[in-house]
Amino acid sequence: EAAVAQSLDELWRRQLVREQGAETYDFSHDKIRAAAYAELSAIRRRLLHRKVAEALAAIYAADLNALCGQIAHHYEIAGQLELAIEFYQRAAATAQRTYANDDAIGYYRHLVEPPFVTQLSPQVACEVLTELSKVLSLAGQTEEAERGARLALAQTQLLGETRWRFQAQHTLGDVLR
């Protein structure tokens, strides 16, 4: 603790960091942050991103919804794709509930692109594509919404569950209507 305090004090005196409240510091310029980040090895970066995601999840456990997108991003960079998928889905659902359709679309689209698309189970892929189609339809992007709904319907073949097939058909029907 003493070494950290001494190091932070030295960085503060050299004006490389600035105080952001009683116990928080930030780099004094974005280029300094970028240079420090570039000096980290890839494995160290992944470790630090995992620790940041875990810390955010622990500190804000009572109200994670506001930070799910950030937590997901840190887990993604850390290579923890399963956790990133979980938090991106939660971030998208939160955005949907607050009518932040562009944000929801962004999160869902991100999940159906590499590296996530190959990591999604058929059930999660179906859920993501169905929800993406609903939001795209609300946003007036009906052609893309129809494509997503048809892809969700195709995913139901892998699941073999009528419940998922019904949901995908229902979504497709809503989009076409």
Side-chain angles (χ1 to χ4, degrees), residues 18-27 30 33-34 37 40 44-142 144-149 151-153 155-156 159 161 163-175:
R18 61 178 177 247
E19 290 180 307
Q20 297 266 305
E23 297 180 8
T24 308
Y25 289 84
D26 193 8
F27 288 97
D30 289 340
R33 179 185 298 105
Y37 190 79
L40 298 172
R44 181 87 171 136
R45 263 188 238 132
R46 284 192 302 273
L47 172 68
L48 292 174
H49 279 285
R50 182 180 56 79
K51 287 184 176 275
V52 168
E54 290 169 352
L56 287 172
I59 292 168
Y60 297 100
D63 186 27
L64 275 180
N65 289 342
L67 294 172
C68 282
Q70 289 180 29
I71 294 169
H73 177 72
H74 285 292
Y75 275 130
E76 178 181 357
I77 294 171
Q80 305 282 310
L81 297 184
E82 286 183 22
L83 289 168
I85 289 167
E86 177 185 325
F87 278 97
Y88 276 130
Q89 279 187 279
R90 190 167 173 178
T94 299
Q96 267 182 288
R97 281 192 304 277
T98 59
Y99 302 101
N101 293 335
D102 290 341
D103 291 341
I105 289 168
Y107 290 129
Y108 286 131
R109 279 184 176 153
H110 192 59
L111 284 170
V112 294
E113 296 172 348
F116 295 111
V117 70
T118 58
Q119 300 294 313
L120 299 178
S121 68
Q123 178 180 342
V124 172
C126 186
E127 286 177 36
V128 168
L129 289 165
T130 300
E131 293 303 317
L132 175 59
S133 296
K134 289 176 184 177
V135 182
L136 286 167
S137 183
L138 285 172
Q141 300 177 37
T142 52
E144 192 174 349
E146 182 183 345
R147 276 194 303 275
L151 284 171
L153 193 55
Q155 282 292 321
T156 64
L159 289 171
E161 292 183 29
R163 179 180 133 227
W164 291 106
R165 185 159 184 78
F166 171 76
Q167 286 182 346
Q169 286 173 333
H170 184 42
T171 300
L172 179 59
D174 285 346
V175 168

With rounding to the nearest 0.5 Å, note down the distance linking OH in Tyr107 to SG in Cys68.
8.5 Å

Only counting residues at least two apart or in another chain, list the ones meeting side chain to side chain donor-acceptor pair (under 3.5 Å) with His49.
Tyr37, His74

Tightest non-hydrogen contact, residues Ala104 and Ala92, listed as CB-O, 3.6 Å

Minimum heavy-atom separation for Asp103 to Ala95, with atom names?
CB-CB, 3.9 Å

Hey, are the side chains of Tyr75 and Glu86 touching, using non-hydrogen atoms and a 4.5 Å cut-off?
no

Partner of Val175 by side chain to side chain contact (heavy atoms under 4.5 Å, CB included), out of Arg147, His170, Glu146, Lys134
Glu146

Spacing of CG belonging to Leu136 relative to CG belonging to Leu129, to within rounding of 0.5 Å:
10.0 Å

Got Ser137 and Asp174 here, is their nearest side-chain heavy-atom distance under 4.5 Å?
no

For Ile105 and Ala139 the tightest heavy-atom approach is CD1-CB, 3.9 Å

Report yes or no: do Trp164 and Glu161 form a side-chain donor-acceptor pair below 3.5 Å?
yes

Can you confirm whether Arg109 sits close enough to Leu132 that some side-chain heavy atom of one is under 4.5 Å from a side-chain heavy atom of the other?
yes

For residues 116-125, which side-chain donor-acceptor pairs fall under 3.5 Å, sequence neighbours excluded?
unit_1: Thr118; atom_1: OG1; unit_2: Pro115; atom_2: O; d: 3.1
unit_1: Ser121; atom_1: OG; unit_2: Val124; atom_2: N; d: 3.1
unit_1: Gln123; atom_1: NE2; unit_2: Glu127; atom_2: OE2; d: 3.3

Could you give the distance from CZ (Arg165) to CG (Leu153), rounded to the nearest 0.5 Å?
4.5 Å

In this structure, CD of Gln96 is separated from CG of Leu138 (nearest 0.5 Å) by 8.0 Å

Do NZ/NE/NH1/NH2 and the carboxylate oxygens of Glu76 and Arg46 come within less than 4.0 Å?
no

Sub-4.5 Å side-chain heavy-atom contact between Thr94 and Arg97:
yes

Atom CD1 in Ile85, atom CD in Gln80: separation rounded to 0.5 Å?
11.5 Å

Is there any side chain to side chain donor-acceptor pair (under 3.5 Å) pair reaching into residues 54-66, and which pairs are they, with sequence neighbours excluded?
Arg50-Glu54, Asn65-Arg90

Establish, from distance only, whether the side-chain atoms of Tyr108 and Gln89 form a donor-acceptor pair under 3.5 Å.
no

